[in-house]
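It should be emphasised that the depicted structure is a prediction, and the values quoted were computed from it without experimental measurement.
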Amino acid sequence: MDDSIGSRFYCCFRCRKIIAAHDHIVDKSFVAWRGRGFLFSHVVNVVEGPKADRLLISGTHMVADVFCGDCGEKLGWKYEKTYEQHHKYKEGKTVLAKSKITNAFDSTFY
């Protein structure tokens with residue numbers, strides 16, 4: 001992308017606080033709450049809830065829900081621990097529901 005245009009970011013759909021950069025998307029093929037979700041390697045301005053084992057489509061994982069740090073909207077979850085070797089790449093990464101984020105352009109994010 002041309003640096004003069006700016007970078008692409010995702011914001012909380014409710015309060016528009018920047019949550020993640022497009023460049024940090026690892027996978028766009030996740031399912032989150034009956035809809036599409038994106039797996040991000042890095043997110044900002046979020047608060048994590050308590051860790052708990054949860055049965056997801058891909059099996060049981062230890063996750064923590066993530067909420068917008070400004071308005072408290074539930075945005076997705078963070079993989080804290082996976083129990084199968086082929087899911088280890090998810091650990092430490094965050095799924096954000098597409099329905100809970102919106103696009104933003106801001107060249108001053110990083």
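- The shortest heavy-atom contact between Val26 and Phe40 is CG2-C, 4.2 Å.
- Tyr79 and Lys90 make their closest contact through CB-O, 3.2 Å (heavy atoms, listed as atom of the first residue, atom of the second, distance).
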Show me the side-chain donor-acceptor pairs of residues 60-69 shorter than 3.5 Å, one per line, residues at least two apart or across chains.
unit_1: His61; atom_1: NE2; unit_2: Ser58; atom_2: OG; d: 2.8
unit_1: Asp65; atom_1: OD1; unit_2: Arg54; atom_2: NH1; d: 2.9
unit_1: Asp65; atom_1: OD1; unit_2: Arg54; atom_2: NH2; d: 3.0
unit_1: Asp65; atom_1: OD2; unit_2: Arg54; atom_2: NH2; d: 3.3
unit_1: Asp65; atom_1: OD2; unit_2: Lys74; atom_2: NZ; d: 3.4

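- In this structure, Cys12 and Asp70 have side chains that are not in contact, with every pair of non-hydrogen atoms separated by 4.5 Å or more.
- Residues Ile25 and Leu96 are members of one and the same hydrophobic cluster, defined by side-chain heavy-atom contacts under 4.5 angstrom among Ile, Leu, Val, Met, Phe, Trp and Tyr.
- In this structure, the side chains of Arg8 and Asn103 come closer than 4.5 Å at one or more pairs of heavy atoms.
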Check: residues 15-23 side-chain donor-acceptor pairs under 3.5 Å, at least two apart:
unit_1: Arg16; atom_1: NH1; unit_2: Phe13; atom_2: O; d: 2.4
unit_1: His22; atom_1: ND1; unit_2: Tyr10; atom_2: OH; d: 3.1

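- Qualifying salt bridge (Lys or Arg N to Asp or Glu O under 4.0 Å) partners for Lys78, counting only residues two or more places apart in sequence or in other chains: Glu48.
- Between atom CG of residue Asn45 and atom CG of residue Leu75 there is a gap of 10.5 Å, rounded to the nearest 0.5 Å.
- In this view, Asp53 and Tyr83 satisfy the side-chain hydrogen bond (donor to acceptor under 3.5 Å, both in side chains) rule, not counting sequence neighbours.
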Between Ile101 and Phe38, is the side chain to side chain contact (heavy atoms under 4.5 Å, CB included) condition met? List the steps. CA-CA 10 Å; Ile101 56 177; Phe38 298 155; 4.2 Å; yes
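- To the nearest 0.5 Å, atoms OG1 (Thr102) and CZ (Phe9) are separated by 14.0 Å.
- Residues passing the salt bridge (Lys or Arg N to Asp or Glu O under 4.0 Å) test with Lys81: none are found, sequence neighbours excluded.
- Residues passing the side-chain contact (heavy atoms from CB on, under 4.5 Å) test with Ala32, sequence neighbours excluded: Trp77, Val95, Ala97.
- Annotation for Lys28 and Arg36: closest pair O-NE, 3.3 Å, computed over non-hydrogen atoms.
- For the side-chain contact (heavy atoms from CB on, under 4.5 Å) test, residues two or more places apart in sequence or in another chain that qualify with Glu84 are His86, His87.
- Every residue two or more places apart in sequence or in another chain that forms a salt bridge (Lys or Arg N to Asp or Glu O under 4.0 Å) with Glu73 is listed here: Arg14, Lys100.
- Contacts of Val47 classified as side-chain contact (heavy atoms from CB on, under 4.5 Å), with partners at least two apart in sequence or in another chain: none.
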